[in-house]
Amino acid sequence: MGKSEGYKKYDIFFHEFAHAIDYFYGNHKYFSKNSKIRSALFNDYENLRDSITLKESIAATQRLLGETKFSELYMDKTNQKSKILLSLNSRKLTLARDELGNFTSDQIEIMKDIKLMEIVRKGKNVNWVTQMNVSDIINGVNKGEINPGYGHTTEYWTKYKMQAVEFFAETTSAMINNPESLLQIKKMFPNAYKEYLKVVEDIANG
Ligand SMILES: [Zn+2]
């Protein structure tokens with residue numbers, strides 16, 4: 001069993017443990033759901049998007065879409081790349097390839113998410129559990145549109161609005177079990193992390 005396998009086992013345990021505490025403290029509702037974590041998380045995500053240039057987003061989109069033939073992508077509509085391709089329509093995509101495109105704000109958001117996904121996936125010294133923690137958070141804030149490797153369904157994020165609940169669980173397991181992951185969470189989501197600490201304080205004080 002490799003080191004990452006050990007991480008995997010306990011990460012899930014601490015993750016579920018955090019959900020249990022959250023649910024118990026909230027009296028059969030998730031306490032973190034009514035905290036300020038969710039809005040802080042969306043703010044942090046906007047800041048992350050702002051830190052990425054259009055040029056690097058386009059380049060990342062080209063890299064992602066370039067790996068597969070367009071015809072294959074059109075055939076499989078459940079494929080994440082297919083969804084991206086459909087949302088970026090072929091003409092815009094061709095423009096993206098020349099870095100000349102005029103994109104709608106939605107398209108720019110998607111391309112920035114693709115760049116963020118690339119950062120999470122290809123980050124040096126990032127073990128896969130760290131990637132899983134951060135991936136689930138990113139998947140939540142873009143409501144399931146982009147999945148850097150691990151996430152939940154769109155319904156889970158839009159109908160049940162579980163972003164804060166999963167952030168609470170991912171951050172708690174990172175705090176106990178994965179310092180590297182915690183560093184990345186603090187760096188990418190500093191405001192949500194601050195709100196997380198307030199929730200922990202509330203729970204600790206009973
Ligand atoms: Zn969970």
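Below, all heavy atoms of this structure are taken into account, side chains as well, without hydrogens, waters or symmetry copies. If you read the sequence from its start, that first residue is 1, and numbering goes on from there.
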Would you find more than 12 non-hydrogen atoms of other residues, nucleotides or ligands less than 6.0 Å from Lys36 atom NZ?
no
Which atom of [X] lies closest to which atom of [Y], heavy atoms considered:
X	Y	result
Ile52	Ile119	CD1-CD1, 4.5 Å
Lys33	Ala164	CA-CB, 4.4 Å
Thr154	Lys143	CG2-O, 3.4 Å
Ser173	Phe14	CB-CB, 3.7 Å
Asn139	His152	OD1-N, 2.9 Å
Ala18	Ala169	CB-CA, 3.8 Å

Just do the salt bridge (Lys or Arg N to Asp or Glu O under 4.0 Å) check on Glu109 and Lys112 with the steps written out, would you?
CA-CA 5 Å; Glu109 275 191 4; Lys112 288 194 170 192; over 6 Å; no
Side-chain donor-acceptor contacts of residues 188-195 below 3.5 Å, not counting sequence neighbours, with atom names and distances?
{"from": "Asn191", "atom 1": "ND2", "to": "Asp44", "atom 2": "OD1", "distance (Å)": "2.7"}
{"from": "Glu195", "atom 1": "OE2", "to": "Lys198", "atom 2": "NZ", "distance (Å)": "3.2"}

Is [Y] reachable from [X] through a run of I, L, V, M, F, W or Y residues, each pair having side-chain heavy atoms under 4.5 Å apart?
X	Y	value
Phe13	Phe168	yes
Tyr23	Ile37	no
Ile137	Val200	yes
Val141	Tyr160	no
Met117	Leu54	yes

Measure from the side-chain N and O atoms of Glu56 to the backbone N and O of Thr53, and report whether any donor-acceptor pair falls under 3.5 Å.
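Present.
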Donor-acceptor pair, side chain of Asn205 and main chain of Glu201, under 3.5 angstrom:
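Yes.
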Which residue, Val199, Val165, Asp202, forms the side-chain contact (heavy atoms from CB on, under 4.5 Å) with Ser35?
Val199
Rounded at 0.5 Å granularity, tell me how far [atom1] in [X] sits from [atom2] in [Y].
X	Y	atom1	atom2	value
Ile138	Leu48	CD1	CG	7.0 Å
Met111	Thr61	CE	OG1	5.0 Å
Ile185	Thr171	CD1	OG1	4.0 Å
Asp22	Tyr30	CG	OH	7.0 Å
Ser181	Met175	OG	CE	11.5 Å
Lys159	Glu155	NZ	CD	4.5 Å

Trace of the side chain to side chain contact (heavy atoms under 4.5 Å, CB included) decision for Thr172 with Phe17:
CA-CA 9 Å; Thr172 302; Phe17 198 64; over 6 Å; no
If the condition is ring-ring contact (aromatic ring centres under 6.0 Å, His included), which residues does Tyr25 pass it with, not counting sequence neighbours?
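Testing Tyr25 for ring-ring contact (aromatic ring centres under 6.0 Å, His included), a comparison that skips the adjacent residues, returns Phe31.
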Find out whether Met162 and Arg38 are in side-chain contact, i.e. whether some heavy atom of one side chain is under 4.5 Å from a heavy atom of the other.
no
Sub-4.5 Å side-chain heavy-atom contact between Asp136 and Phe167
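The answer is no, as the side chains (C-beta and beyond) never meet within the 4.5 Å cut-off.
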Side chain to side chain contact (heavy atoms under 4.5 Å, CB included), that's the test. Do Lys115 and Lys55 meet it? Break it down for me.
CA-CA 10 Å; Lys115 178 61 191 172; Lys55 199 178 172 184; over 6 Å; no
Which residues pass the salt bridge (charged side-chain N to carboxylate O under 4.0 Å, His left out) test with Glu16, not counting sequence neighbours?
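Checked Glu16 against salt bridge (charged side-chain N to carboxylate O under 4.0 Å, His left out); zero matches.
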Side chain to side chain donor-acceptor pair (under 3.5 Å) between Tyr196 and Ser32, intermediate numbers included:
CA-CA 8 Å; Tyr196 164 84; Ser32 63; over 6 Å; no
With no hydrogens and no angle check, just 3.5 Å: does a side-chain donor-acceptor pair link Asn142 and Trp157?
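Short answer, no.
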Show the numbers, then the answer: is there a side chain to side chain contact (heavy atoms under 4.5 Å, CB included) between Phe42 and Gln163?
CA-CA 9 Å; Phe42 278 87; Gln163 284 87 352; 3.9 Å; yes
Salt bridge (Lys or Arg N to Asp or Glu O under 4.0 Å), that's the test. Do Asp113 and Arg49 meet it? Break it down for me.
CA-CA 7 Å; Asp113 287 347; Arg49 275 178 175 154; 2.9 Å; yes
